[in-house]
Structure formats: structure tokens, C-alpha cells
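Some notes on the structure that comes next.
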Amino acid sequence: MENVQGKVIAITGASSGIGEAIARHLASLGAKVVLGARRVDNLATISAAIQANGGEAIYRSLDVTQPSDVASFAAWAKSQFGTLDVFINNAGLMPLSMINSYKVEEWHRMIDVNIKGVLHGIAAALPLFEAKDSGQFVNITSVGDRWVGPSSTVYSATKFAVRAISDGLRQEVSSNIRVTLVAPGATESELAESISDPDLKKMAINMFRKDVIPGLAIAKAVAFAIAQPADVDVNEIVVRPTAQKSF
Ligand code: NDP
């Protein structure tokens, strides 16, 4: 695909779900993908499958809550392939719960991964983009970046934050650096596994069984944004199942 082929694209949270689908799809379009996550066994399997299909993929362990780890990840991508063109902030978790369950540790983890992790990604890749005055961030939020309901309060807050960060970043950086936000609705992945409340987990898994789209649907939206000419910045894309009408 034009403007995707040959690009060096780093993806956080590439060990399952949407990140895995993005990695596989972009590699199939000729991108050189750099996969990061904590479950390196998964990354090894996914990278091997990409390579077996003739694609280019490398991987390394990554914890987005650690700024120095994210900086090393971005620098390593550049050192392996000579440049870094796109940084995809995808890692996230969604332990839904009602506020009065007081799952404070889960609130902290969501803030650490979903917000601070994205900021760490920006701090890691922006200097590399600024040095060559080009590059693109793709931040994966959620339809929860513009909607909040019972049990999604903290999760939605983290995604509202990433939407604000993406908007602000776009205005602060050079006119040659692109910032894209992709907001998925219910998509096949392991996301519901992070819910510790048994009733909410059951509800989420039932919903995920009924009306979900494959990760490839999100990956195609990401590819569309990357494929545009350098002077076109697709700011936001919302992709959800046809049957998911509101949130
Ligand atoms: P998954 O649970 O399948 O994937 C989450 C990914 O995040 C995994 O690869 C996981 O890797 C990674 N991750 C979690 N914590 C860390 C960490 N500390 N450091 C590095 N990586 C981490 O869920 P999805 O694919 O659904 O989630 C991807 C993104 O999509 C998230 O931001 C989520 O909020 C968003 N999203 C998903 C929707 C859906 O319906 N699936 C809907 C809306 C948004 P590992 O555990 O190996 O570190």
C-alpha cells in the first residue's frame, strides 16, 4: 500500500488483540513493524508468523509504564531499521468497575498504562520525529473517549485524556508531524480479561460474544490514516460494530 510500504512502525501492546492485528496487517502491506509488550512469547509467535508470510517484524519486551523502557524501545526501532516513521500507542487495559467498589489499584493501573503509557510513547518518539521533521503518532483510544457510563468512569476518563493529549499534541508539533486518533468500539481481543468484577466481566464477555468486529477492522483504519500523503493528517476515526449504535 502506498505510503505504508517500507515505513518503520512501532506498536505498543502488540502481543494480542488490536495491536497484534495492526502489526500483522501493516506488515502485510509492506511496513517494517516493531512489536512491544510484556508477553514476549506472544510477540515471538506473532513476529515469526509475519516473517513466514514474507513480512519484516522485530520485537522486544516493553512495559509502557516505564519511561526509560519506552525510550529504549523507540531508539531500538530506529537503530534496527535506520529510522522511525510511525509510533502507535495501543497498549491499554479496561478493568471496568463502579466507583464505589473502590478498586483504587485498578484505577492507578489504568492511569499508568492508558494515560502515562501514551505520554511515555510521545516522549520517546517525538524527539526522533522532530530530528527529521516528520513522523506520525497513532493513538488508540475508544468510543469511551467521548462517552461515559456506569462502570466505565475511570476507563473513559483515561481515554478522554488521550483524546485531549492527541488534540494538544497536534497543535504543538511541527506542521510536518501527524497525530491520528483511532477510537474503536467493541472489537475481538483479550480486553475483558482485565475486569475483576465477576458480574461486569460476564456482561462484557457476553457483549463481546454478540456484536464485535475483528481487530482487522481497526487495523484497516490505522492503515488508511498512515497511507495518506504526508500533507494529509487524518485526525480521528471512530470504528465500531454496525449494531453498536451509541457508546
Ligand atoms: P488486549 O487485552 O488484547 O491487548 C492489550 C495490549 O496491551 C496487550 O498487548 C498487552 O500486552 C498490552 N499492555 C498492557 N499493559 C501493558 C504494559 N504495561 N506495557 C506494555 N504493554 C501493555 O486488548 P485490546 O487489543 O482490545 O486493547 C488494545 C487497545 O484498544 C487498548 O488501548 C484498549 O483500550 C483499546 N480498545 C479496545 C476495544 C475493544 O473492544 N477491544 C474498544 C476500544 C478501545 P502485555 O500484557 O503482553 O504487556
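All of these numbers come straight from a predicted model, not from anything done at the bench. Note that ligands are numbered from 1 as they come in the structure, with each ligand's atoms numbered from 1 the same way.
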Closest approach of Q136 to T180 (non-hydrogen atoms, all atoms of both residues): NE2-OG1, 3.0 Å

A49 versus R24, closest heavy-atom pair with distance: CB-NH1, 3.6 Å

Donor-acceptor contact present, side-chain R170 to main-chain V179, <3.5 Å: yes

Backbone or side-chain N or O of A37 under 3.5 Å from ligand 1 N or O: no

Sub-4.0 Å heavy-atom contact, K159 with ligand 1: yes

Residue and atom name of the nearest protein heavy atom (relative to atom 43 (C) of ligand 1), distance in Å to one decimal: P184 O, 3.1 Å

Best match, D63, L191, T141: closest heavy atom to atom 27 (O) of ligand 1: L191

Atom indices of ligand 1 within 4.0 angstrom of A186 heavy atoms, with elements: 40 (O)

N/O separation below 3.5 Å, R38 to ligand 1: yes

Nearest candidate to atom 32 (O) of ligand 1, where distance is taken over non-hydrogen atoms, out of N90, V113, I140: N90

Part of L62 with heavy atoms under 4.0 Å of ligand 1, whether side chain, backbone, both or neither: backbone

Distance-minimising heavy-atom pair for V70 and L62: CA-CD1, 3.8 Å

Check: R39 N/O within less than 3.5 Å of ligand 1 N/O: yes

T187, any N or O under 3.5 Å of ligand 1 N or O: yes

For the student: nearest non-hydrogen atoms of V4 and A223, plus distance: CG2-O, 4.0 Å

Chi angles and distances behind the salt bridge (Lys or Arg N to Asp or Glu O under 4.0 Å) call for D85, K132: CA-CA 10 Å; D85 297 303; K132 60 176 193 151; 2.9 Å; yes

Residue selection (non-hydrogen contact nearest atom 42 (C) of ligand 1) among G185, S142, G117: G185

Atom pair CG (N89) and CG (N139), whose distance is rounded to the nearest 0.5 Å: 4.5 Å

Options A91, A204, S16, A183, ranked by nearest heavy atom to atom 1 (P) of ligand 1, top entry: S16

Sub-3.5 Å N/O-N/O distance, I18 and ligand 1: yes

Within-cut-off N or O pair, V64 and ligand 1, under 3.5 Å: yes

Backbone of K159 reached by a side-chain donor or acceptor of D145 within 3.5 Å: no

Backbone N/O of T153 and side chain of S156: donor-acceptor pair under 3.5 Å: no

Pair K103-S196, side-chain donor/acceptor within less than 3.5 Å: yes

Shortest protein contact, atom 26 (O) of ligand 1 (heavy atom only): S189 OG, 2.6 Å

Subset of ligand 1 atoms that lie under 4.0 Å from at least one heavy atom of G13: 6 (C), 7 (O), 8 (C), 9 (O), 12 (C)

Side-chain heavy-atom pair L35, S47 within 4.5 angstrom cut-off: yes

Candidate with minimal heavy-atom separation from atom 9 (O) of ligand 1, of S15, G17, G92: S15

Shortest non-hydrogen separation from A74 to L128 and the atoms involved: O-CD1, 3.8 Å

Proximity flag G144 to ligand 1, non-hydrogen atoms under 4.0 Å: no

Identity and distance of the protein heavy atom lying nearest atom 33 (C) of ligand 1: Y155 OH, 3.7 Å

